[in-house]
Amino acid sequence: MSKKILLIDGNSLAFRAFYAMYQQLDRMVTPEGLHTNALVAFNNFLESIVLPMQPDLALVAWDARSGKETFRGDLYADYKSGRDKAPAEFKEQFPYLREMVEAHGLHNYEQIGLEADDIIGTLSRIGQKAGDEVIIITGDQDLTQLVTDHVTVKLTKKGVTQVEVYTPDFIMEQFGITPEQIIDKKALTGDTSDNYPGVTKVGEKTALKLLKEYHDLDNLYAHVEAMKPSKMKENLINDKDQAYRAQKLATIITDADLSIGLDDIVYAGPKEKGLVTLFEKLHFRQALNKLRSQSLLPDDGQAAEASEQKQGNFQEVKELTDVALAKLGKEKSLAFHIDTTGDNYHQADMIAFAIGNDQLGYFGSRDFTLFDNEHLRQIIEDKSIQLRLFNAKAHWVLLHRLGLTLAGVDFDFLLVAYLLDTVGNDNVLSTLAGRFGRYLADDEAIYGKGAKFAVPDEGRIVEEHVGHKAQTVFDLRDQAFEDLDKHEQGHLYHDIELPLSFVLAKMEARGFTVNEDRLAKMGQEMDEQIASLKEEIFQMAGEEFNINSTKQLGTLLFEKMGLPVIKKTKTGYSTAVEVLEKLAPQAPIVDHILSYRQLAKLKSTYVDGLLAVVDQADHKVHTRFLQTLTQTGRLSSVDPNLQNIPMRTEAGRKIRHAFVPSHDDWVIFGADYSQIELRVLASITGDPAMEHAFVEDEDIHAETARKVFGLPDDAPIDADQRRTAKAVNFGIVYGISDYGLSKNLNIARKDAKAFIETYFQEFPRIHQWMEQIKEKAHQDGFVETIEHRRRYLPDINAKNFNTRSFAERTAMNSPIQGSAADIIKIAMIKVSDAVEEKGLHARMLVQVHDELVFECPKDELETLRRTVTSVMDSAVQLAIPLKVESHAGPTWYEAK
DNA sequence: ATGCTCACG
DNA sequence: ACGTACGTGAGCATG
């Protein structure tokens, strides 16, 4: 029976793989310093091209270690000599490429004196004679000379996962010649990459023309004298020897003496064990997850063995009964997990839950009436039973919906994983477990995603899935806590993030009341203004168009009206505010467009957007604070985002009138830290000048202005000087660059540079600290906040200037922004405790990075103000005092 | 799905 | 020479 033989040109594909992902070179490095870009691309190639082919025989041929040892080196001393040396980043990946080939079940082969081409040429002829079907995959066009009716060459196009299929017909169509003539084509043109010449001035076009006329090299030279006189004729005659030498160099050997035969290259299919070992070594997290969750491997001995192993990882998930619950209720430590139909746990449906530990095993159920069972209620609510969860905040809210109050949480795997490393955290259990060497199915594999999301009905698939999650969480606790200890993050977890998660859960569940009528009315007014603006804009433009479309707007402004292009984006003209403001004096239409933009944004995002997420049961919005997302330790807020409600313009700020207390005779109260980031910076660096300014409670931007403009201590500062100094202070916090400052202030770069230099002279300790933190980042690969919150900077040693500079600015900014985040988180926990201890009715509703918003009865306001202010300003002891300002009123508008 | 723009700290 | 200010989320247009 005819077999399918796959022959792969290892060198040319590896080269392609390396350059296909060259841009990613600096990002793809293992902790041990090994570059993996070519390995990643080669693995993609093996998975997406080779695996689906299911060949009977397969071999990856490699060039012998030195090209000079082949007959071609003897024939022509400069053979391949002009070629750039393979970069070290490429060479170091070679041993792993061979290991990868083996793990995928293919054979490697190389032989001294031969190139990969010759191995492939010889085997292709052997296969052909045996009546088999041969497929060759390469990035080198030379190999197309081997094409016959039984031998196909697949040539990689862009990258390594797209190929062009060369058959005799295709070659005829494409070039008008036969595969055998490819050699003579090469003889005429030579090969620049292998560094041998053909005939002078003959390129692909001329060569093909000549071959069509004369068919082959011998016939051409037999008739060369008869050609009419031309430069080309001269060249052909002069370079005859070169052409014949090129012909020899280009000819692939098809009768080499190989030490292997077809019997030795039977394709075995992927070997799971080998792949796992390799992927772990290379830190291929995605590939590992895919491997473990989709069981993409066909049946063979290896896979069967591995799947036994996989089952060994997880215990059988048992049915949850009243009897089982009675037993579970006596345990000291249990894992618990609920799966839902969506991310928004305020409204998502609950699918199934699981509970268990390593002693009693794991139990899964879809019967939520079990939450009436007294043992289960006790397990959830009794502090003495230590629970292990993934995302305690989500579970607190879900259980709250079931009428229970979650207590006794010991381990939140999501929080711990986030504290250990924020990089690449997608908040998904299967991904994070993979970091600890535990592999379980993705939710997507069980439920599907998007429109295809469905809860599978068959058997106990879902119960198994949640059960495995519970077991994973249970099993990972000790290891995760150990890592936390190594990072000195026990305090950050136990005393800050975990308690905070319950403070946040309560804030979210409580919600912020929205006056929908007021919001709707504002929307109507905006609509009227928008309509009239639109009318005027169309009139001025002389046509109707979609003002929201940056493309259409760009066409109008820069092509039809001929306004100057100030800035471009990747895809066209920029129409951002900063650009439009510069154009406004030249064209009155631009002011209208700016007004339109502002109103359209307010209407769609803050009126329509907010109204769409108000819970009709209680007329409140219930945001979710994402506690494990930002790279710095800040919170973020979604559905809706309550951290970007307008403030800076009056028209926008009016939106805050719609945020009201949940009871009559209550008020909204807001307290915010003044200049917390600069105070943190002063404290961390211990800079005496800045410390002095804060201790004396001076206007920090005015004080900075005096310093950078070289004015005496009590000199008056004008508004422009203060504005400049403020921008410099911002720049310092962000990890300053003269370029960034010049752009922000719209000044020359050298002026910006001068400001920065003066600043660093006046605040020398800040300069010292900036240098020191960058140095630390280069040394350790991470930076830390005052509470040991850690941010890794994988790009800190990148070769690319921009990539590296970005990481350096991040190294300077993250400890500042992150320490400020630490401080307000501590304050939130202490405020929450103090409010409870004093028996106040006040409730915290929102955190906006340096600001806390509450609602409270009017008669509690002054008590609350005193309590919150004192707790916030004493939340941590810094070298610099913290300052808190506060405001109150009938809506959020007044409370700031 | 991606890019642009703009809302906040 | 390089050509970016730090951290977020949402809506819209577009391919």
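The figures here come from the full heavy-atom set of this structure, side chains too, leaving out hydrogens, waters and symmetry mates. To find a chain, count down the sequence lines: A is the first, B the second, and so on, and within it residues start at 1.
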>> Tell me the interatomic distance from A/Y573, atom OH, to B/dG3, atom C1', rounded to whole angstroms.
In response: 17 Å

> Do any pairs count as a salt bridge (Lys or Arg N to Asp or Glu O under 4.0 Å) and have a residue in residues 724-735 of chain A, sequence neighbours left out, and if so which ones?
Replying inline: none

> Which is true for A/Q631 with a 4.0 Å heavy-atom rule: it touches a base, it touches only sugar-phosphate, or it touches nothing?
Replying inline: sugar-phosphate

> How close or far is atom C1' of B/dT5 from atom NZ of A/K551, stated in whole angstroms?
Replying inline: 17 Å

> CG of A/D751: more than 12 outside heavy atoms within 6.0 angstrom?
Replying inline: yes

>> Regarding A/T575, tell me which of base, sugar-phosphate or nothing describes its non-hydrogen contacts under 4.0 Å with the strands shown.
In response: sugar-phosphate

>> Could you tell me how far apart A/F625 (CZ) and B/dG9 (P) are, to the nearest whole angstrom?
In response: 14 Å

> Whole Å only: how far is the CD1 atom of A/I816 from the C1' atom of B/dG9?
Replying inline: 14 Å

>> For a quick check of understanding: with a heavy-atom distance under 4.0 Å over all strands, which category does A/L635 fall into, base, sugar-phosphate or nothing?
In response: nothing

> If you measure from the Lys or Arg side-chain nitrogens to the Asp or Glu carboxylate oxygens, is any gap between A/K620 and A/D615 under 4.0 Å?
Replying inline: no

>> At less than 4.0 Å, is any side-chain N or O atom of A/T571 found next to OP1 or OP2 of B/dT2? Yes or no.
In response: no

> Do any side-chain nitrogens or oxygens of A/R634 fall under 4.0 Å of OP1 or OP2 in B/dG9?
Replying inline: no

> Within 45° of the ring axis of A/Y893 and under 6.0 Å from its six-membered ring centre, is that where the NZ or CZ of A/R653 lies?
Replying inline: yes

> Looking at A/K568 and A/V565, what are the two nearest heavy atoms and their distance?
Replying inline: CG-CG1, 3.9 Å

> Which nucleotide, B/dG9, B/dC6, B/dG3, lies nearest any side-chain atom of A/K601?
Replying inline: B/dC6

>> Ring of A/F782, cation from A/K776 - is the NZ or CZ under 6.0 Å from the centre and inside 45° of the axis?
In response: yes

> Near DNA chain B, which residues from residues 752-763 of chain A have a heavy atom under 4.0 Å away?
Replying inline: none

> Which of these passes side chain to side chain contact (heavy atoms under 4.5 Å, CB included) with A/F538: A/E535, A/E536, A/K534?
Replying inline: A/K534

> Do the two ring centres, one from A/Y759 and one from A/F755, sit under 6.0 Å apart?
Replying inline: no

> Touch check for A/L629, heavy atoms < 4.0 angstrom, all strands: base, sugar-phosphate only, or nothing?
Replying inline: sugar-phosphate

>> Let me spell it out: for each of A/H849 and A/N802, pick the nucleotide of DNA chain C with the closest heavy atom. Which residue's pick is nearer the 5' end?
In response: A/N802

>> Less than 4.0 angstrom between a side-chain N/O of A/T569 and OP1 or OP2 of B/dC4, yes or no?
In response: yes

> What is the nucleic acid contact for A/D850, judged by heavy atoms within less than 4.0 Å: base, sugar-phosphate only, or nothing?
Replying inline: sugar-phosphate

> Taking atom P of B/dA7 as reference, at what distance in whole Å does atom NZ of A/K603 sit?
Replying inline: 16 Å

> A/N548 and A/A600: which non-hydrogen atoms are nearest, and at how many Å?
Replying inline: OD1-CB, 4.4 Å

>> Donor-acceptor pair, distance only, cut-off 3.5 Å: does the side chain of A/D421 make one with the backbone of A/V423?
In response: yes

> What does A/N813 touch in the nucleic acid at a heavy-atom separation under 4.0 angstrom: a base, only the sugar-phosphate, or nothing?
Replying inline: sugar-phosphate

>> Taking C/dA5 as the reference, what is the distance to B/dC6 when you measure between their P atoms (whole Å, please)?
In response: 15 Å

> Looking across every strand, which nucleic acid part, if any, lies under 4.0 Å from A/G735 by heavy atom: base, sugar-phosphate, or nothing?
Replying inline: nothing

> Are A/E677 and A/R634 within salt-bridge range, i.e. N to O under 4.0 Å?
Replying inline: yes

>> Considering every strand and a 4.0 Å limit on heavy-atom distances, what is the contact class for A/Q552: base, sugar-phosphate, or nothing?
In response: sugar-phosphate

>> Does A/S805 reach a base, just sugar-phosphate, or nothing at all? Heavy atoms under 4.0 Å.
In response: nothing

> Please give, in whole Å, the distance from B/dC8 C1' to A/Y673 OH?
Replying inline: 19 Å

Side-chain donor/acceptor pairs under 3.5 Å, residues 820-830 of chain A, sequence neighbours excluded:
unit_1, atom_1, unit_2, atom_2, d
A/D822, OD1, A/R789, NE, 2.9
A/D822, OD1, A/R789, NH2, 3.0
A/D822, OD2, A/T785, OG1, 2.5
A/D822, OD2, A/E787, N, 3.2
A/K825, NZ, A/E497, OE1, 3.4
A/K825, NZ, A/E497, OE2, 2.8
A/K825, NZ, A/G633, O, 2.7
A/K830, NZ, A/A875, O, 3.1

> Does OP1 or OP2 of B/dA7 have a side-chain N or O of A/R648 closer than 4.0 Å?
Replying inline: no

>> Just to be sure I understand the rule, does A/N546 reach a base, reach only the sugar-phosphate, or reach nothing, if contact means heavy atoms closer than 4.0 Å?
In response: sugar-phosphate

> Does A/R722 come within less than 4.0 Å of A/D699, counting only side-chain N to carboxylate O?
Replying inline: yes

>> Could you check whether A/D873 pairs with A/K883 (Lys NZ or Arg NE/NH1/NH2 to Asp/Glu carboxylate O, under 4.0 Å)?
In response: no

>> Please classify the nucleic acid contact of A/D639 as base, sugar-phosphate, or nothing, using heavy-atom distances under 4.0 Å.
In response: sugar-phosphate

> In residues 791-799 of chain A, which ones come under 4.0 Å of DNA chain B, going by heavy atoms?
Replying inline: none

> Could you write out DNA chain C as a dot-bracket string, with dots for unpaired bases, | for bases paired across to another strand, and Watson-Crick or G-U pairs counted at under 3.5 Å?
Replying inline: .....|||||||||.

> Do other residues, nucleotides or ligands put more than 12 heavy atoms under 6.0 Å from A/F730 CZ?
Replying inline: no

> Hey, are A/T803 and A/D795 close enough side-chain-wise for a donor-acceptor pair under 3.5 Å?
Replying inline: no

> CG of A/N548 versus P of B/dT5: gap in Å, rounded?
Replying inline: 12 Å

> A/V848 near the nucleic acid: base, sugar-phosphate alone, or nothing, with a heavy-atom cut-off under 4.0 Å?
Replying inline: sugar-phosphate

> A/Q847 has an atom CD; how far is it from atom P of B/dC8, in whole Å?
Replying inline: 17 Å

> Taking the C1' atom of each, how far is B/dA7 from C/dC2, in whole Å?
Replying inline: 32 Å

>> Can you give me the first and the last nucleotide of DNA chain C (5' to 3') that has an atom within less than 4.0 angstrom of a non-hydrogen atom in chain A?
In response: C/dC2 to C/dG15

